[in-house]
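From a predicted model like this one, the values you see are computed outputs, not experimental measurements.
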Amino acid sequence: MTHSNTQPSASTSSATAAKAAPRTATKDDIPAITKIWQETGLYRPYNPPEWDVTFALSSHDATLFVWEDNSDNIIGSVMAGFDGHRGWIYYVAVAPSLQKTGLGRALTEVGEGWLRDHGVWRMQLMVRSENSKTQDFYRNMGYRALDVTVMQKDIATPPAEREESA
């Protein structure tokens with residue numbers, strides 16, 4: 001698996017310094033992932049993180065990486081997946097105290113590398129229209145805005161409403 005050569009810059013405290021590389025998330029990480037997604041404004045109550053984390057980790061076409069500090073606290077995440085046509089990156093999150101250290105760029109590059117390793121040649125991501133800071137972040141990484149409207153339709157029962165299978 002190819003990972004980014006970009007390393008986040010060192011933090012002022014060795015306890016909060018980022019480890020050398022991310023790791024694949026596990027279901028045990030869901031509480032910490034939920035926390036960082038809440039801290040960074042990615043959390044939406046209608047889309048609980050355990051749904052997306054569980055779905056990504058159970059798929060061969062998706063993954064979720066987390067980056068930890070030296071105390072094993074999750075300080076960043078990136079989810080990547082592909083649909084047979086394009087690759088997608090979701091949930092790039094960096095702990096607020098570590099933003100602007102290069103960790104967001106490094107996580108994005110890890111997601112891009114995972115997609116590239118899976119044969120994806122073009123990828124996309126979504127940024128909420130009101131989030132101009134994040135749009136600028138991605139523009140500085142070479143992304144461009146497309147003239148499209150993303151539309152959504154629920155086509156199955158949400159995970160929380162499904163009956164547990166025996």
Side-chain angles (χ1 to χ4, degrees), residues 1-83 86-120 123-128 131-143 158-160:
M1 178 180 314
T2 301
H3 290 292
S4 165
N5 289 330
T6 303
Q7 295 294 317
S9 60
S11 174
T12 55
S13 164
S14 63
T16 58
K19 289 187 176 179
R23 65 170 173 80
T24 302
T26 69
K27 290 181 183 180
D28 291 339
D29 295 322
I30 290 173
I33 292 168
T34 300
K35 181 180 178 207
I36 196 167
W37 290 357
Q38 288 172 329
E39 291 173 346
T40 56
L42 294 174
Y43 175 85
R44 294 297 184 260
Y46 55 81
N47 195 38
E50 59 268 17
W51 297 0
D52 287 341
V53 172
T54 301
F55 193 70
L57 296 179
S58 66
S59 173
H60 295 290
D61 300 329
T63 194
L64 174 62
F65 292 103
V66 292
W67 213 308
E68 295 175 311
D69 67 13
N70 289 330
S71 297
D72 298 329
N73 299 304
I74 292 176
I75 57 172
S77 71
V78 61
M79 182 182 290
F82 60 95
D83 59 17
R86 295 283 185 264
W88 288 85
I89 287 187
Y90 304 92
Y91 295 117
V92 176
V94 174
S97 64
L98 294 171
Q99 292 177 2
K100 300 193 181 294
T101 63
L103 186 56
R105 174 179 291 275
L107 282 160
T108 302
E109 290 174 351
V110 166
E112 292 171 351
W114 186 89
L115 290 166
R116 194 176 303 108
D117 289 349
H118 286 80
V120 174
M123 53 137 313
Q124 300 172 149
L125 50 82
M126 293 181 277
V127 179
R128 290 189 176 86
N131 194 342
S132 59
K133 276 183 17 181
T134 300
Q135 290 175 33
D136 290 343
F137 168 79
Y138 287 114
R139 281 189 190 97
N140 287 332
M141 288 191 67
Y143 288 82

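- By the ring pair (Phe, Tyr, Trp, His ring centres under 6.0 Å) test, Tyr138 pairs with Tyr143, sequence neighbours left out.
- Taking OH of Tyr91 as the start and CD1 of Ile36 as the end, the distance is 13.5 Å to the nearest 0.5 Å.
- The distance from the CD1 atom of Ile30 to the CH2 atom of Trp51 is 13.0 Å, given to the nearest 0.5 Å.
- Salt bridge present: Arg139 and Asp136 bring a charged side-chain N and a carboxylate O closer than 4.0 Å.
- Applying the salt bridge (Lys or Arg N to Asp or Glu O under 4.0 Å) definition to pairs two or more places apart or across chains, those involving residues 29-49 are Arg23-Asp29, Lys35-Glu39.
- A search for ring pair (Phe, Tyr, Trp, His ring centres under 6.0 Å) contacts involving Phe55 returns nothing, not counting sequence neighbours.
- Of all the heavy atoms in Asp28 and Pro31, the pair that sits closest is O-CD, 3.5 Å.
- Nearest heavy atom pair, residue Pro22 against residue Phe65, reads CB-CB, 4.2 Å.
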Any chance you could lay out the side-chain contact (heavy atoms from CB on, under 4.5 Å) test for Met141 and Glu109, step after step, and finish with the verdict?
CA-CA 9 Å; Met141 288 191 67; Glu109 290 174 351; 4.0 Å; yes
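- To the nearest 0.5 Å, atom CD1 of residue Ile33 and atom OH of residue Tyr43 are 14.0 Å apart.
- Among all heavy-atom pairs drawn from Leu64 and Val53, the shortest one is CD2-CG2, 3.7 Å.
- Minimum interatomic distance between Ala25 and Leu57 (heavy atoms only, all atoms of both residues): O-CD2, 3.5 Å.
- One finds the CG atom of Leu125 at 7.5 Å from the OG1 atom of Thr108 (value rounded to the nearest 0.5 Å).
- Proximity of Asn70 to Lys19: side-chain heavy atoms (C-beta onward) are separated by under 4.5 Å at one or more points.
- Between atom CE of residue Met79 and atom OH of residue Tyr90 there is a gap of 9.0 Å, rounded to the nearest 0.5 Å.
- Ser77 and Trp67 share no side-chain donor-acceptor pair at under 3.5 Å.
- Of the possible polar contacts, one joining the Thr101 side chain to the Leu98 backbone as a donor-acceptor pair under 3.5 Å is found.
- A search for side chain to side chain donor-acceptor pair (under 3.5 Å) contacts involving Ser97 returns nothing, not counting sequence neighbours.
- Residues satisfying the side chain to side chain contact (heavy atoms under 4.5 Å, CB included) criterion with Ala32, sequence neighbours excluded, are Ile74.
- For the residue pair His118 and Phe82, the shortest heavy atom distance occurs at CB-CE2, 3.6 Å.
- The shortest heavy-atom contact between Val94 and Gln99 is O-NE2, 2.9 Å.
- The side chain to side chain contact (heavy atoms under 4.5 Å, CB included) check on Arg86 picks up Asp83, Trp88, Trp121, Arg122, Gln124, with sequence neighbours excluded.
- With sequence neighbours left out, Asp61 forms a side chain to side chain donor-acceptor pair (under 3.5 Å) with no residue at all.
- Here CG of Leu107 is found 9.5 Å from CD1 of Ile89. Values are rounded to the nearest 0.5 Å.
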